[in-house]
Amino acid sequence: MRIDVLTIFPQLFEPFLRAGILGHAIAEGLVAVSVRDLRDWTHDRHRSVDDAPYGGGPGMVMRPEPLVAAIEALAGPRSSQRRALVVLLSPQGQRLDQAGLGALAEREQLVLVCGRYEGVDQRAIELAVDLELSIGDYVLSGGEVPAMAVIEGVARLLPGAVGNPESIRGDSFATGILGGPQYTRPPVFRGLAVPEVLVSGNHAAVAEWRAERARDITRRRRPDLLAALGEEES
Ligand code: SAH
């Protein structure tokens, strides 16, 4: 899979793309990530990407010309034949969730567009963007951190990215509910012991205990997830 990122702060991505599972997925060729400086598609001396909002008001708005030129250079013009999915990160977008990441991971190419300032001229969105995605109901200063969330979330779903695929299947939300508590050594830490059952060697009992804990924590913290599965909160 290929991911292109359009941003005015390409340097933010450098260490991020080298670390952990994502760094490994890139090194293994499971995903190619290329970060593009939006200013490369400007033609004026100041390489300006923003201008004052029509109608007045605070802040600046990202101009449509460099954005649309950049997106078309990376993805081609919008048409039924376009293979890439062009995603604008935006608090006004559809809320990203695990199922959404799963759908993105199936794509051949993603172009992730990072907004800044007060956001993006609406005409650029209408002309060149396929999907607007939000990472939650709060506002950040730019789309870079949201784009990183998408890249990291997608990369770990690619076959071969995570050593043991079991680990993905048991994750929070993959199962439709939250994951449960985890323990490692030492067996007793500051007077707190690891639950008996986990050291019992009884795999069936461990599985049952984990399922119970996961259901418990979901019932208490995210009853909406159980409701979505069509289960009563009892
Ligand atoms: N004025 C805009 C917010 C602009 S924030 C509004 O009210 O909707 C600047 C940029 O940060 C946005 O263009 C977007 O790319 C990014 N951004 C901020 N919060 C985000 C979120 N929750 N999800 C995805 N992108 C976000």
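Whatever order the structure lists ligands and atoms in, that order sets their numbers, starting from 1. By convention here, the first residue in the shown sequence is residue 1.
Listed here is the closest heavy atom pair of Ser48 and Thr42: O-CG2, 3.4 Å.
Heavy-atom contacts of Pro146 reach the following atoms of ligand 1: 24 (C), 25 (N), 26 (C) (cutoff under 4.0 Å). Under a 4.0 Å criterion applied to the non-hydrogen atoms of Tyr117, ligand 1 contributes the atoms 4 (C), 5 (S), 9 (C). The Gly143 neighbourhood of ligand 1 comprises atoms 11 (O), 15 (O), 16 (C), with distances under 4.0 Å to a heavy atom of that residue. Every atom of ligand 1 is numbered from 1 in the order shown, and the set under 4.0 Å from a heavy atom of Gly142 is 10 (C), 11 (O), 16 (C), 17 (N). Of all atoms in ligand 1, listed by their number and element, those nearer than 4.0 Å to a heavy atom of Leu133 are 24 (C). For ligand 1, the atoms closer than 4.0 angstrom to any heavy atom of Val139 are 5 (S), 19 (N). Which parts of ligand 1 touch Gly119 is read off a 4.0 Å heavy-atom cut-off, strictly below it: atoms 13 (O).
Looking only at protein heavy atoms, the nearest one to atom 23 (N) of ligand 1 is Ile135 N, 3.1 Å. Taking atom 15 (O) of ligand 1 as the reference point, the nearest protein heavy-atom neighbour is Leu89 O, 2.6 Å. Closest protein heavy atom to atom 25 (N) of ligand 1: Ser90 N, 3.2 Å. Remark: minimum distance from atom 1 (N) of ligand 1 to any protein heavy atom is reached at Glu118 O, 2.9 Å. Atom 17 (N) of ligand 1 has as its closest protein heavy atom Pro91 CD, 3.7 Å. At the top of the distance list for atom 19 (N) of ligand 1, counting protein heavy atoms only, stands Leu140 N, 3.0 Å. The protein atom (non-hydrogen) at minimum distance from atom 22 (N) of ligand 1 is Tyr138 O, 2.8 Å. In this structure, atom 6 (C) of ligand 1 lies nearest to the protein heavy atom Gln92 NE2, 3.6 Å.
Judged purely by distance below 3.5 Å, without hydrogens or angles, the side chains of Ser34 and Arg36 pair a donor atom with an acceptor atom.
Counting heavy atoms from C-beta outward, Leu112 and Leu89 have side chains that approach closer than 4.5 Å. In this structure, the side chains of Met62 and Leu67 come closer than 4.5 Å at one or more pairs of heavy atoms.
Evaluated by nearest non-hydrogen atom to atom 13 (O) of ligand 1, the leading choice among Gly115, Ala149, Gly136, Gly57 is Gly115.
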Subject >> Stepwise side-chain contact (heavy atoms from CB on, under 4.5 Å) check, Leu22 with Ile151 >> reply: CA-CA 8 Å; Leu22 173 61; Ile151 295 168; 3.8 Å; yes
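Residue Val120 places every heavy atom at 4.0 Å or more from ligand 1. Judged by the shortest distance from any of its heavy atoms, Val145 lies outside the 4.0 Å radius around the atoms of ligand 1.
One finds a salt bridge joining Glu166 and Arg169 here, because a Lys/Arg side-chain nitrogen approaches an Asp/Glu carboxylate oxygen to under 4.0 Å. Taking the charged nitrogens against the carboxylate oxygens, Arg2 and Asp4 do have a contact shorter than 4.0 Å, which makes a salt bridge.
Atom CD1 in Ile135 sits 5.5 Å away from atom CG in Leu140 (nearest 0.5 Å).
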